[in-house]
2 protein chains.
Amino acid sequence: MLTVFEILALPARREILSLLRQGPRSVGELVEELGISQPIVSKQLRVLREAGFVSVRAEAQRRWYELRPEPFTEVANWLEPYRWIWSEHLDRLGDQLDALAAAPPEEDR
Amino acid sequence: MLTVFEILALPARREILSLLRQGPRSVGELVEELGISQPIVSKQLRVLREAGFVSVRAEAQRRWYELRPEPFTEVANWLEPYRWIWSEHLDRLGDQLDALAAAPPEEDR
DNA sequence: CAGATATATACCGTCAAGGGAATGTAGCGT
DNA sequence: ACGCTACATTCCCTTGACGGTATATATCTG
């Protein structure tokens with residue numbers, strides 16, 4: 001299975017995630033809003049699902065895809081040790097980032 | 001030029017960044033600490049430099065590589081709109097922890 | 001200048017991910 | 001049962017990134 005950053009490396013996948021911020025979407029809706037072919041959307045949705053970025057809920061023939069939080073916390077946790085590097089440089093991000101020193105660290109050494 | 005996430009997709013590059021958190025490093029030091037061949041380290045350092053992740057300072061034959069903040073702020077900015085998704089998640093996690101603290105401990109799933 | 005050190009670059013073979021087109025599958029309405 | 005809708009999967013082909021090896025470049029030392 002791909003790592004979080006490998007998943008995010010593909011623009012099409014980031015666009016799907018961006019759309020899903022607004023709430024659950026069906027495959028057809030994503031196809032229409034993205035202008036990408038349906039098989040490709042389905043393929044990337046599978047990748048996103050297997051990586052834990054989205055979950056699916058079946059309703060008749062429709063599949064509703066929805067964001068899941070875990071991979072995003074993983075990115076945030078990875079980013080955290082680098083925070084001091086830019087915190088002095090640019091403080092436009094809120095201080096709320098400190099709030100999530102809770103989740104387990106990852107294999108990145 | 002590669003995007004930020006394409007850069008981070010490669011484990012070797014993340015390891016380089018991780019080492020550079022401790023301060024500037026020469027190529028030789030990175031080679032030794034990573035156990036990767038010198039040409040590969042140099043190659044990835046070039047990629048990191050072109051993407052703005054690191055800067056170089058020459059000193060005789062040595063090149064000192066150092067982290068730069070901008071790409072990290074880029075990741076943080078990308079992450080920001082997704083924050084609410086996992087803040088809810090953390091809330092639920094907190095509730096569960098509270099429940100666990102209040103109730104007698106159980107078997108772990 | 002010769003040789004050694006430190007790093008960068010060029011070239012090459014491999015391999016896997018991505019896109020496209022076609023096809024498969026499941027549930028719905030009539 | 002039939003066709004339609006919504007989506008998933010398969011197959012093929014291409015492309016490009018990665019790692020490895022060899023080589024080039026620059027700087028120091030003697």
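Quick note on labels: first sequence line is chain A, next is B, and so on, each numbered from 1.
Between the CZ atom of F5(A) and the P atom of dA17(C) there is a distance of 18 Å, given to the nearest Å. The separation between W64(A) atom CH2 and dA8(D) atom P is 13 Å, rounded to whole Å. Between the CZ atom of R49(A) and the P atom of dT9(D) there is a distance of 7 Å, rounded to whole Å. Residue E32(A) contributes atom CD, which lies 14 Å from atom C1' of dA6(D) at whole-angstrom precision. In this structure, CD of E15(B) is placed 14 Å from P of dC18(D), rounded to the nearest angstrom. When rounded to the nearest whole Å, the span between CG of L45(B) and P of dA6(C) equals 16 Å. Distance CZ (R57(B)) to P (dA8(C)): 14 Å, rounded to an integer number of Å. Taking atom CZ on R25(B) and atom P on dT7(C), their separation rounds to 13 Å, with Å as the unit.
Within the structure, every side-chain polar atom (N or O) of Y65(B) is placed at least 4.0 Å from both OP1 and OP2 of dA6(C). In this model, the phosphate group of dT9(C) is approached by a side-chain N or O of R46(B) to a distance below 4.0 Å at OP1 or OP2.
The residues R25(A) and E66(A) are annotated as not salt-bridged, no charged nitrogen and carboxylate oxygen being separated by less than 4.0 angstrom.
Smallest separation of non-hydrogen atoms from L8(B) and F5(A): O-CB, 3.5 Å.
Cluster annotation: L10(A) is not connected to L48(A) through the hydrophobic network of ILVMFWY side chains, with a link wherever side-chain heavy atoms come within less than 4.5 Å. L67(B) and W64(B) sit in two unconnected hydrophobic clusters of ILVMFWY residues. Membership requires side-chain heavy atoms under 4.5 Å apart, directly or through other members.
You'll find the side chain of P81(A) reaches within 4.5 Å of the side chain of R21(B), heavy atoms only.
Counting only distance, with no hydrogens or angles, the side chain of Y82(B) and the backbone of S18(A) share a donor-acceptor pair below 3.5 Å. Judged by distance alone, with hydrogens and angles left aside, the side-chain atoms of R68(A) form no donor-acceptor pair with the main-chain N or O of F53(A) at under 3.5 Å. No donor-acceptor pair under 3.5 Å is formed between the side chain of E32(A) and the backbone N or O of E29(A). Distance alone, capped at 3.5 Å, is enough to place a donor-acceptor pair between the R13(A) side chain and the E6(A) backbone.
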Are there any protein N/O atoms within less than 3.5 Å of an N/O atom in nucleotides 26-30 of chain C, and if so, which ones and at what distance?
from, atom 1, to, atom 2, distance (Å)
dG27(C), N2, Q61(A), NE2, 3.4

A correct 5'-to-3' footprint of nucleotides 18-23 of chain C, with B, S and - meaning base, sugar-phosphate only and no protein heavy atom under 4.0 Å, is SBSBB-
